[in-house]
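Report on the structure given below.
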Amino acid sequence: MQRSDRVIVIGAGPVGLCLSLALAQEGVRVSLIEQLGEHNFLDQIPRAGTNHPATLEMFERIGLYRRIEPRGIIAPIFHYWDRENDELVAAFDHGHLKDDTRFPYVLQCERIKIVEEALAMAKAHPDIDLRLATTFTSFAQTADGVTAHVTDAAGESEAIEGRYLVSGEGARSIVRKDLDIEFEGFTYPDRTLNIEVAYDFRQHGYAERNYISDPTEWSNLFHWKGPPDRWRVHFPTEPADDPDALQRPEALQARLQRFRPKSGDYEICGSNLYTVHQRVARKFRVGRAILAGDSAHVNSPIGAMGMNSGVHDAFNLADKLIRILRREAEEGELDRYERQRRHVAVKHTQAQTIRNKRLLAERDSAVRRRNHDELRRTAEDPKLARAFLLRSSLIESLREAEQIQ
Ligand SMILES: Cc1cc2nc3c(=O)[nH]c(=O)nc-3n(C[C@H](O)[C@H](O)[C@H](O)COP(=O)(O)OP(=O)(O)OC[C@H]3O[C@@H](n4cnc5c(N)ncnc54)[C@H](O)[C@@H]3O)c2cc1C
């Protein structure tokens, strides 16, 4: 490998960090550019947190799993609930995947803990030139290489040279926009309200991870390790709702009390509102510039597929870049990356997350009954349950992508 075979990675989110570590551990030099600095890196709003088995295998490969496992909650079982009838519909046990993965469970561990641990690993790696508090502004490419233009906290500009540029910048990717790549799909008109609360919902029979259907107010409920332990509850809102009114303390209390009445107030640790997009970039690569993670695809968090599938992009891409830079593969391998990962984004993550939301929000009582009966039957039959879990945990998507040449 030549010294100039540097890969420039924009964004130290889960995708940019995993990619940088996977590359550097195989001897590829990386420049990792992140706009956040030491002082505000951990001040990011709560986002992803459910890590599927295949993702845990990838974290293990780069030595990240052992750092995050103690900070998370191992959750082999997840639930579907019917809120209207306050009834547990189905309990899915990842134990059915014991012959498919070394990790027959999800790890409930928030994105912020993952990036904190991965950032510490990146800082310690001699082949990662980590630039915090440095903003990527534009890039140019030729047949031989790329130049990324960045500005540091002091306002100093610099041009960084490399062989490839990967956008792990998240949904607002400058690279995607500069390349004029269409972000195809749609945005839901309503926003989702997230409330973080210190209260143990297991006393009501919930698992660590719950999807709760309701014709008027569906919900998700997830447990995170503290101290203090917190639960994240998601609720739908109406497009016309005033964001400030939705997040007033009394409004949050009222929502939670309607969800699970209890004596006294809930201890609320935080709240935020987010907009949900279902979009996939028309192309994942133009020449030496490549998109990965949210920069290439975004979806609803119902089903926990955004960060997971982004991390899968990172490892798929790392393996190809390593082989290309070692002159063991042609650059055409990058087109295979696009074929494989775009297929997963469209046929798996988009399709499943759209279906998941429809399932939770279904209003027709006959359809709801049919859906619930099917979920019940699936969870109770080991063969059907395994097939369902292979899909929901994205293992099937990885196996299918492997077949794409
Ligand atoms: C409420 C919520 C819950 C979610 N839950 C889940 C879940 O349970 N499981 C799951 O799989 N997914 C979930 N997701 C989705 C998940 O958070 C994202 O898919 C994931 O964070 C994408 O990772 P990324 O590295 O591609 O981008 P990001 O996490 O967005 O990281 C991008 C990084 O790039 C940096 N950056 C951006 N622009 C620049 C620039 N110009 N210069 C330098 N740096 C830049 C940013 O500061 C950031 O650090 C959830 C999302 C939301 C909103």
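When a ligand or atom number is given, it counts from 1 through the structure's own listing order. Small disclaimer: the values here were computed from a predicted structure and weren't measured.
Counting protein heavy atoms only, atom 27 (O) of ligand 1 is closest to Gly170 CA, 3.6 Å. Taking atom 24 (P) of ligand 1 as the reference point, the nearest protein heavy-atom neighbour is Val15 CG2, 3.7 Å. Distance from atom 26 (O) of ligand 1 to its nearest protein heavy atom, with residue and atom name: Asp294 N, 2.9 Å. Protein heavy atom in closest approach to atom 11 (O) of ligand 1: Met307 N, 2.7 Å.
Of all the listed residues (Ala171, Ala48, Ala12), Ala48 holds the heavy atom that lies closest to atom 7 (C) of ligand 1. Comparing heavy-atom distances from atom 32 (C) of ligand 1 across Gly168, Ser138, Gly16 singles out Gly168 as nearest. Counting heavy atoms only, Glu169 comes closest to atom 37 (C) of ligand 1 of the residues His312, His277, Arg172, Glu169. Distances from atom 23 (O) of ligand 1 to the heavy atoms of Pro14, Gly293, Gly310 put Pro14 nearest. Selection from Glu110, Glu34, Arg131 by nearest heavy atom to atom 47 (O) of ligand 1 gives Glu34.
In this structure, Arg176 forms a cation-pi arrangement with Phe183, its terminal cationic atom sitting closer than 6.0 Å to the ring centre and no more than 45° off the ring axis. Figure legend: cation-pi geometry between Arg288 and Tyr164, with NZ or CZ positioned under 6.0 Å from the six-membered ring centre and within 45° of its axis. For Arg209 and Phe222, the positive end is not near the middle of the six-membered ring at less than 6.0 Å and at most 45° from its axis.
Of all the heavy atoms of Val150, none lies under 4.0 Å from any atom of ligand 1, so neither backbone nor side chain is involved. The proximity of Phe136 to ligand 1, defined as any non-hydrogen pair under 4.0 Å, involves the side chain as well as the backbone.
Around CG of Asp364, the count of heavy atoms belonging to other residues, nucleotides or ligands within 6.0 Å exceeds 12.
Ring planes of Tyr80 and Phe92: perpendicular class, angle over 60° (limits at 30 and 60°). Classification of the Phe201-Tyr206 ring pair by plane angle, with boundaries at 30° and 60°, yields perpendicular.
Of all heavy-atom pairs between Lys225 and Ile73, the closest is N-CD1, 3.5 Å. The minimum heavy-atom distance linking Arg341 with Ser309 is given by the pair NH2-O, 3.1 Å.
Looking at ligand 1, you'll find an N or O of Gly49 within less than 3.5 Å of one of its N or O atoms. Considering backbone and side-chain atoms alike, Gly11 places every N or O at 3.5 Å or more from each N or O of ligand 1. Considering backbone and side-chain N/O of Gln35, one or more are found under 3.5 Å from N/O of ligand 1. Checked against a 3.5 angstrom limit, the closest N/O atoms of Tyr274 and ligand 1 fall outside it. Looking at ligand 1, you'll find an N or O of Arg47 within less than 3.5 Å of one of its N or O atoms. Ligand 1 has an N or O atom lying under 3.5 Å from an N or O atom of Arg111, backbone or side chain.
Not a single heavy atom of Asn194 sits under 4.0 Å from any atom of ligand 1. Heavy-atom distances between Thr134 and ligand 1 reach below 4.0 Å in at least one pair.
The contact set between ligand 1 and Ile174, taken as ligand atoms under 4.0 Å from a residue heavy atom, comprises 41 (N).
The side chain to side chain contact (heavy atoms under 4.5 Å, CB included) with Leu389 is formed by just one residue from the set Glu396, His52, His94; it is His94. Here the options are Arg111, Arg67, Arg71, the test is side chain to side chain contact (heavy atoms under 4.5 Å, CB included), and the partner is Glu116; only Arg71 passes.
The list of salt bridge (Lys or Arg N to Asp or Glu O under 4.0 Å) pairs with a residue in residues 88-99, not counting sequence neighbours, is empty. Within the structure, every pair that satisfies the side chain to side chain donor-acceptor pair (under 3.5 Å) test and touches residues 136-154, not counting sequence neighbours, is listed here: Thr147-Glu161.
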